[in-house]
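So the structure is just underneath, and the comments pick up after that.
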Amino acid sequence: MSRHTRRVEVTDHARGLLGRVLHGHGVAARITEVEAYGGINDPASHAFTRTPRSEIMYGEPWRLYVYRSYGMHFCANIVTGPTERASAVLVRAGEVVEGIELARQRRGERIADAGLARGPGNFASALGLTLEDLDTDLLGAGEVHLGSHPTATPDISEGPRVGISKAADVPWRFWITGHPTVSAYRRSRRAP
DNA sequence: TAGGCGATGACCT
DNA sequence: GGTCATCGCCTAC
C-alpha cells in the first residue's frame with residue numbers, strides 16, 4: 001500500500017467521524033471537530049515512537065485511546081487502524097446532545113452550552129472519560145461507544161492542527177463549518 | 001534516576 | 001489578545 005493511500009485513510013476516518021455521536025457515561029456529544037494523526041508516518045503522533053503508552057494505537061481499530069496532557073487534562077482519541085498502522089483521530093470538540101445536566105455538573109454550572117465540550121480536555125471531561133476507559137471497544141454497547149452515522153453529510157472545513165510543534169502545517173484538522181463549539185486555532189508556542 | 005517538555009485550559013488585561 | 005500553572009511520561013545519562 002502506498003504512502004498516499006495511508007494518508008487518505010486516516011483523514012477519511014477523521015471526516016467520517018464528524019457529526020457522529022459519542023456516548024460517554026450518561027452524556028452524548030455530536031463530534032464537531034477532530035484531528036487526524038498518521039501514526040508511524042506522522043512526527044506529531046504519539047505513535048511515531050512506539051512506547052508502552054502508544055502501544056494501543058498499533059492494535060485493534062475503533063478502540064479508545066485516552067492520555068493525560070499537561071498533567072491534569074485527558075484527551076480522547078479513536079484508533080482507526082488498521083492494526084500496526086497506529087493511525088488515530090483526536091476528538092477536539094463536540095455538541096452535547098444528551099445528558100446536558102450531567103455534563104454541566106462535570107464541567108461547572110456557569111459554562112455555556114456551546115463550551116461544555118469545546119477543546120479536547122473539556123470534551124473528555126464532559127463525557128467523564130478517564131484512563132479507566134482506555135482500550136474501550138467503541139463499537140460495543142457499553143457506557144462508552146459510538147452512535148450511528150449521521151443521515152446528512154455535514155459541511156466540513158479543514159486547517160492546520162492545534163498545539164503541536166512538529167508537522168504543524170499539515171492541514172489535518174477538520175471541523176463542521178461555522179459550528180459554535182469549534183475552538184479557535186492557536187499555534188503551539190514551540191512550533192517553528 | 002534526573003531533567004525536560006507537552007495533541008491544554010483558565011484567567012487576566 | 002496574551003500569559004502561566006502544573007505533573008506524568010518519555011528520553012538520556
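The interatomic distance linking A:Met72 (CE) with B:dT8 (P) rounds to 12 Å, in whole Å. Taking atom CZ of A:Arg118 as the reference point, atom P of B:dA10 lies 10 Å away to the nearest angstrom. What separates CZ of A:Arg107 from P of B:dT8 is a distance of 15 Å, to the nearest Å. In this structure, the CZ atom of A:Arg53 is 16 Å from the P atom of B:dC5, given to the nearest Å. In this structure, A:Phe74 atom CZ and C:dT6 atom C1' are separated by 14 Å, rounded to whole Å. Per the geometry, OH belonging to A:Tyr70 stands 13 Å off C1' belonging to B:dG4, to the nearest Å.
Nearest nucleotide to the A:Met57 side chain, out of B:dA7, C:dC10, C:dG8: B:dA7. When each of B:dT8, C:dC10, B:dA7 is scored by its nearest atom to the side-chain atoms of A:Thr51, the top-ranked nucleotide is C:dC10.
The only option from A:Leu17, A:Ile31, A:Asn77, A:Thr11 that meets the side-chain contact (heavy atoms from CB on, under 4.5 Å) definition with A:Val89 turns out to be A:Leu17.
Within the structure, every side-chain polar atom (N or O) of A:Ser69 is placed at least 4.0 Å from both OP1 and OP2 of B:dA7. Taking side-chain N and O atoms only, A:Thr49 has a distance below 4.0 Å to OP1 or OP2 of C:dT11. For the pair A:Arg68 and C:dC9, the criterion of a side-chain N or O lying under 4.0 Å from OP1 or OP2 is not met.
Taking the centre and axis of the six-membered ring of A:Phe174, the NZ or CZ atom of A:Arg161 falls outside the cone set by 45° and 6.0 Å.
Judged by Watson-Crick or G-U wobble contacts below 3.5 Å, the nucleotide C:dG8 has B:dC5 as its partner.
Here the side chain of A:Arg53 pairs no donor or acceptor atom with the backbone of A:Tyr67 at under 3.5 angstrom.
Projected onto DNA chain C by closest heavy-atom contact, A:Arg50 and A:His73 fall at different nucleotides, the more 5' of which corresponds to A:His73.
Here the side chains of A:Glu35 and A:Val162 are in contact, with some heavy-atom distance below 4.5 Å.
Using a 30° and 60° split on the angle between ring planes, A:Trp62 and A:His13 fall in the perpendicular class, above 60°.
For A:Tyr67 against B:dA7, a side-chain-to-base donor-acceptor contact under 3.5 Å is present.
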